[in-house]
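For clarity, every value in this text was computed on a predicted model and none was experimentally measured.
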Amino acid sequence: QVQLVESGGGSVQAGGSLRLSCAAPHSSLCMAWFRQAPGKEREGVAAIDMYTRITYADSAKGRFTVSRDYAGNTLYLQMNNLKPEDTAMYYCAAVRPTVVGGDWRCPPMALDQYNYWGQGTQVTVSS
């Protein structure tokens, strides 16, 4: 079992910044941030593998930065220039990688590909 613990959500005005954190039990995980706004489906925001290869949703490009610490078991999401449409519950997600030819591979940033989830942290952006 993989337990993920998020922190760092809150309320900010449009244009502000927040930094989310997610603590994982070890570094051998593919990790990602998803979010779910009221009445909408959960969607991927950013993903990072153990080699720090990164994927961003179009909505996050240029404003959000995903990273993981040197040990690899803490995931971050730096969110700048926040907009009201970024208001959502943000979830940390993880999945064990597969090994292909000695390389650890992570799945696409899709809801059904990740099987470990945090409890979520609320981000509210006011106009």
**Q** Identify all side-chain donor-acceptor contacts of residues 24-33 below 3.5 Å with residues at least two apart in sequence or on another chain.
**A**
residue, atom, partner, partner atom, Å
His26, ND1, Ser28, N, 3.2
Trp33, NE1, Tyr76, O, 3.3

**Q** Which residues pass the salt bridge (Lys or Arg N to Asp or Glu O under 4.0 Å) test with Asp112, sequence neighbours left out?
**A** none
**Q** How many angstroms lie between atom CG of Leu75 and atom OG of Ser21, to the nearest 0.5 angstrom?
**A** 8.5 Å
**Q** Going from OG1 on Thr87 to CZ on Arg35, what distance comes out if it is rounded to the nearest 0.5 angstrom?
**A**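 It comes to 9.0 Å.
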**Q** Compare all side-chain heavy atoms of Phe34 with those of Glu43 and state whether any distance is below 4.5 angstrom.
**A** no
**Q** With sequence neighbours excluded, tell me which residues meet salt bridge (Lys or Arg N to Asp or Glu O under 4.0 Å) with Arg42.
**A** none
**Q** Do you know the tightest heavy-atom contact between Leu82 and Arg63?
**A**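 Shortest heavy-atom contact: CA-NH1, 3.9 Å.
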**Q** Hey, any chance Val66 and Trp117 share a hydrophobic cluster, counting ILVMFWY side chains that come within less than 4.5 Å of each other, even indirectly?
**A**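 Different hydrophobic clusters.
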**Q** Could you check if a side-chain atom of Thr65 sits within less than 4.5 angstrom of a side-chain atom of Leu77, using non-hydrogen atoms only?
**A**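 With C-beta onward as the side chain, the pair stays apart.
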**Q** For the hydrophobic clusters of this structure (ILVMFWY residues joined by side-chain heavy atoms under 4.5 Å, transitively), does one cluster hold both Val45 and Tyr91?
**A**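 Each belongs to a different hydrophobic cluster.
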**Q** Do side-chain atoms of Glu6 reach the backbone of Cys22 as a donor and acceptor pair under 3.5 angstrom?
**A** no
**Q** Taking side chain to side chain contact (heavy atoms under 4.5 Å, CB included) as the test, write out the residues that go with Gln3, two or more places apart.
**A** Val5
**Q** Tell me the closest heavy-atom pair linking Pro108 and Tyr114, and the distance in Å.
**A**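 Closest approach of Pro108 to Tyr114: O-CE1, 3.6 Å.
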**Q** Using the side chain to side chain contact (heavy atoms under 4.5 Å, CB included) criterion, which residues pair with Asp49? Sequence neighbours excluded.
**A**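 Here the qualifying residues are Tyr51, Arg53, Cys106.
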**Q** Which value, rounded to the nearest 0.5 Å, describes the distance between Gln122 atom CD and Met89 atom CE?
**A** 5.0 Å
**Q** State, yes or no, whether a side-chain contact exists between Ser17 and Gln78 at a heavy-atom distance under 4.5 Å.
**A** yes
**Q** Spell out, yes or no, whether Trp104 and Val95 are grouped together once hydrophobic residues are joined by side-chain heavy atoms under 4.5 Å, including indirect joins.
**A** no
**Q** Within this structure, what is the CE-CG distance for the pair Met79 and Asp86, rounded to the nearest 0.5 Å?
**A**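 These two atoms lie 7.0 Å from each other.
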**Q** If you group Ile, Leu, Val, Met, Phe, Trp and Tyr by side-chain heavy-atom gaps below 4.5 Å, do Tyr90 and Ile48 land in one group?
**A**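 Hydrophobic grouping puts Tyr90 with Ile48.
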**Q** For Asp69 and Asn73, what are the C-alpha separation, side-chain angles and deciding distance, and is it a side chain to side chain contact (heavy atoms under 4.5 Å, CB included)?
**A** CA-CA 7 Å; Asp69 68 351; Asn73 56 0; 3.6 Å; yes
**Q** Atom CG in Leu4, atom OH in Tyr116: separation rounded to 0.5 Å?
**A**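 Output value for this atom pair is 9.5 Å.
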**Q** Test of understanding: with side-chain hydrogen bond (donor to acceptor under 3.5 Å, both in side chains), list the residues that count as partners of Glu85, not counting sequence neighbours.
**A**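 Once residues adjacent in sequence are excluded, Glu85 has no partner under the side-chain hydrogen bond (donor to acceptor under 3.5 Å, both in side chains) criterion.
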**Q** Look up atom CE in Met109 and atom OH in Tyr56, then write down how far apart they are to the nearest 0.5 Å.
**A**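 The distance works out to 10.5 Å.
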